[in-house]
Amino acid sequence: MVWQRPDSLRAILDSVFRAPVYRWTERPDPFAILRRGWIEFLGWLAALRDAHPFGYQALLYLLLALVLVLAVRVLWILYHTVKASPAIHGADSTSERTPRTATWFQHHAAQLAASGRYAEAVQADFLALVLALDALKVLHFHPSKTPAEYTRESGLDPAAAAAFRDLVRRLYGYAFARWPCDAAAYAQWRNDARPERYAAAH
C-alpha cells in the first residue's frame, strides 16, 4: 500500500474542493425580507391571540371591514367606469356625446324605472342628486368618489347629514346587497332624494 505525504493529500483535497460543484454559495432571495416579515407578523398575531383574545378578535373584524370597504370601492369605480365608457356604434361613433348632467341622470333614472329596473334607477338618481348638490356647493362631485365619501365631506347640518347617510345606506343595499326595490321603494327613494331637502339645510 502506498502512503502519500500529508501535504500531497491536502493538495489533492484542495484541488477537488476547488471544483465548481463544491463552491457552496448562498443564493440571494429577493423575497427573504417579505417572508421574514410575514412570519413575524403571524407570530405577533399568535401572541396577541394568546395574550389579548378580545383585542385579537377586534383586529380581525377591523381587517375584515377594511377589505369590505376596499371591495365596495373597487366595485363602485368599476361600475361607473364601465357605465361611463362610450359605446361604439359604427357610424354613430363620431357623434357628440350628450353631457351627463343632473338633468341627464334624472331622465335616465326615469327611463330605467319605467322599464322596471328600479335598483339601477336608484343609482342613476343618486348621481343626479350629487351633481345637483355639487352645483349648489353642498359637496364636490368626482367620478372616482364612492357614495360613502360624500357623506363625510358634505357641509350639512346634523339632521340633514343623518338623512343623507341613510340615503347612501339604502343605495348600497339596493345596488350591492340586492335589497328588493319595487315601484313603491323607488317612489320613496325619489321623495327622499330631492336636492332641496339637503340644499335648504345648507
*Treating Ile, Leu, Val, Met, Phe, Trp and Tyr as nodes and any side-chain heavy-atom pair under 4.5 angstrom as an edge, say whether F141 and L136 lie in one connected cluster.*
yes
*Between R100 and F105, is there a donor-acceptor pair closer than 3.5 Å when you use the side chain of the first and the backbone of the second?*
no
*I would like to know whether K145 and V130 meet side chain to side chain contact (heavy atoms under 4.5 Å, CB included); could you show each step before the answer?*
CA-CA 11 Å; K145 287 182 180 177; V130 170; over 6 Å; no
*Just wondering, are more than 12 heavy atoms of other shown residues or ligands nearer than 6.0 Å to CH2 in W179?*
yes
*Atom CD of Q188 and atom CG of D182: how far apart are they, to the nearest 0.5 Å?*
11.5 Å
*Taking all non-hydrogen atoms of both residues, which atom of A121 and which atom of A113 are closest, and how far apart?*
CB-N, 3.8 Å
*Roughly how far apart are R36 CZ and I33 CD1, rounded to 0.5 Å?*
6.0 Å
*With the 4.5 Å side-chain cut-off for hydrophobic clustering, are F176 and V122 part of the same group?*
yes
_I'd like to check D134 versus Y150 (side-chain heavy atoms, cut-off strictly below 4.5 Å). Are they in contact?_
no
*Y56 with L42, same ILVMFWY side-chain cluster at under 4.5 Å*: yes
_Measuring only between side-chain heavy atoms, which start at C-beta, is T101 closer than 4.5 Å to L131?_
no
*Closest approach of L171 to P147 (non-hydrogen atoms, all atoms of both residues)*: CD2-CG, 3.5 Å
*If you take all heavy atoms of A185 and Y174, which pair is closest and at what distance?*
CB-OH, 3.7 Å
*Looking at CG of L59 and CG of L45, how far apart are the two atoms once the value is rounded to the nearest 0.5 Å?*
6.5 Å
_Atom of A132, atom of A102 and distance for their closest heavy-atom approach_ = N-CB, 4.0 Å
*In Å and rounded to the nearest 0.5 Å, what is the SG to CZ distance from C181 to R117?*
13.0 Å
*When rounded to the nearest 0.5 angstrom, what distance separates CZ in R190 from OH in Y118?*
13.5 Å
*Looking at side-chain heavy atoms only, is the closest gap between Y198 and L129 below 4.5 Å?*
yes
*Linking I/L/V/M/F/W/Y whenever any side-chain heavy atoms sit under 4.5 Å apart, do L48 and L60 land together?*
yes
*Under a 4.5 Å cut-off applied to non-hydrogen side-chain atoms, are L127 and H108 in contact?*
no
_Shortest non-hydrogen separation from L167 to W189 and the atoms involved_ = O-CZ3, 3.2 Å
*asked:* For L34 and W38: C-alpha separation, side-chain torsions, deciding distance, then whether side chain to side chain contact (heavy atoms under 4.5 Å, CB included) applies.
replied: CA-CA 6 Å; L34 293 177; W38 176 248; over 6 Å; no
*asked:* Working note: T146 + Y172, criterion side chain to side chain contact (heavy atoms under 4.5 Å, CB included); need CA distance, chi angles, decisive distance, verdict.
replied: CA-CA 10 Å; T146 64; Y172 279 123; 3.8 Å; yes
*Answer yes if V72 and V67 sit in the same cluster of Ile, Leu, Val, Met, Phe, Trp and Tyr residues linked by side chain heavy atoms under 4.5 Å apart, and no otherwise.*
no
*Would you give the length of the straight line joining atom CG of L75 to atom CG of L70, rounded to the nearest 0.5 angstrom?*
11.0 Å
*Heavy-atom closest pair, residues A124 and L112*: CB-CD1, 4.2 Å
*Side chain to side chain, F164 and L133, heavy atoms closer than 4.5 Å*: yes
